[in-house]
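Counting starts at 1 for both ligands and their atoms, following the listed order.
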Amino acid sequence: MSAQIIDGKAIAQKVRSGLGEEVASLQAKTGVQPHLAAVLVGEDPASAVYVRNKQRACEQTGIDSTLHTLPAETTQQELLDLVHQLNNDPLIHGILVQLPLPDQIDELAILDAVTPLKDVDAFHPENVGLIVQGRPRFLPCTPHGVQQMLIESGAEVAGKHAVVLGRSEIVGKPMALLLMQKGEAANATVTICHSRTQNLTEITRSADILIAAIGKPEFVTADMVKPGATVIDVGTNRTAEKKLVGDVAFDEVKEVAGAISPVPGGVGPMTITMLLKNTLIAARLAKR
Ligand code: GUN
C-alpha cells in the first residue's frame, strides 16, 4: 500500500495563517511591526530563489522584509559592517545571512557577529547552546519544521527509533537534538548516521522515523526503509536534467513507508515558515 503523503506545503499554509494572526495582534497591541533583514552575497541562483521565497512568505504573513544584495567580491569587513548596522537598527528584528558565502568570507565570523537576539536562523553559538540545554530562544528552522510535520502527520515519536542521516550543523546535528529532547514529537531514541557509518542499511532499516539530510540525490532506496516507517526528506538536489529531487527515491520508498514527505512541497515550505515564526519571536523580544 502506498504511504500517506506528508504535505509540507499545506501544513506550512496552516501554520502561516496562524502566524499572520499573531503578527496582526502584536501590531495592534504594541505597534511593533516585525521586520526581517535578508542578506544575499553574490549571484548563486539557488540562494537568490531561496531568499525570494523567504521574502514572499514574509509578505504573506504581514512581516516586513528588506533584502540587502551585495556583490560576489564583497570583503569580510564590508559584510561585517552591514551586520553591525543591522544589529544596531531598532526597526530590524531578524537578520538572515543566506549561506553559502563566497570563499573570501569566513562564514563563522559572520554568523558569530549577528546579535543573538536577532539570530532567526539560530546559528549563533549562544542560541545553539540554549538549544543543547533544552531552553531554546529560537528553534533551528529546518529541524523545527520537520518536527511540526511529524506532529501534523500523527507520527508516534516518543520511545521510537529515529535515525538522522547527516550530521550538518544546520540540519542533522540540531535535528537529532530536538528528537532526543523532551517535548512533542520528541523523546525518541536517536541514531545519527554519516559518511563514515558502517552497516548503514542495517541501521536505517531499524528506523521508525527516518530523516534524510545528506545531500545525495535519491540516496535512500526502498531496501533501506522499514515497512511502515515515517520518512522525511530534507534533501534538495538538482539532477543533470535540472529536476529537483530529494535524498529519498520517492517513487519506490513510498511503496514501503507508512508516511513520506515529497520534494518539492515537503520540508522546504516548513523551513521558511519556522523562519517567520522566529522573526515574530524576535519582534516580541525586542526592547521597547
Ligand atoms: N542556506 C541553506 N539553508 C540555509 C538556512 O537555513 N539559512 C541560511 N541563512 N542559509 C541557508
Enquirer: Within a reach of under 6.0 Å around NZ of Lys277, are more than 12 heavy atoms found that belong to other residues, nucleotides or ligands?
Expert: no
Enquirer: Indicate whether any N or O donor in one side chain lies under 3.5 Å from an N or O acceptor in the other, for Gln60 and Gln13.
Expert: yes
Enquirer: How about His161 and Thr191: does a side-chain donor come under 3.5 Å of a side-chain acceptor?
Expert: yes
Enquirer: Quick check on ligand 1: any N or O pairs to the protein under 3.5 Å? One line per pair.
Expert:
{"from": "ligand 1", "atom 1": "1 (N)", "to": "Gln98", "atom 2": "NE2", "distance (Å)": "3.3"}
{"from": "ligand 1", "atom 1": "1 (N)", "to": "Leu99", "atom 2": "O", "distance (Å)": "3.0"}
{"from": "ligand 1", "atom 1": "7 (N)", "to": "Asp121", "atom 2": "OD1", "distance (Å)": "3.1"}
{"from": "ligand 1", "atom 1": "7 (N)", "to": "Asp121", "atom 2": "OD2", "distance (Å)": "3.4"}
{"from": "ligand 1", "atom 1": "9 (N)", "to": "Val97", "atom 2": "O", "distance (Å)": "2.9"}
{"from": "ligand 1", "atom 1": "9 (N)", "to": "Asp121", "atom 2": "OD2", "distance (Å)": "2.6"}
{"from": "ligand 1", "atom 1": "10 (N)", "to": "Leu99", "atom 2": "N", "distance (Å)": "3.0"}

Enquirer: Rounded at 0.5 Å granularity, tell me how far CG in Leu178 sits from NZ in Lys173.
Expert: 13.5 Å
Enquirer: Pair Leu86, Lys118 - check side chain to side chain contact (heavy atoms under 4.5 Å, CB included), show working.
Expert: CA-CA 9 Å; Leu86 296 170; Lys118 298 186 181 185; 5.9 Å; no
Enquirer: Taking only residues two or more places apart in sequence, or in another chain, which ones meet Asn237 in a side-chain hydrogen bond (donor to acceptor under 3.5 Å, both in side chains)?
Expert: Asp247
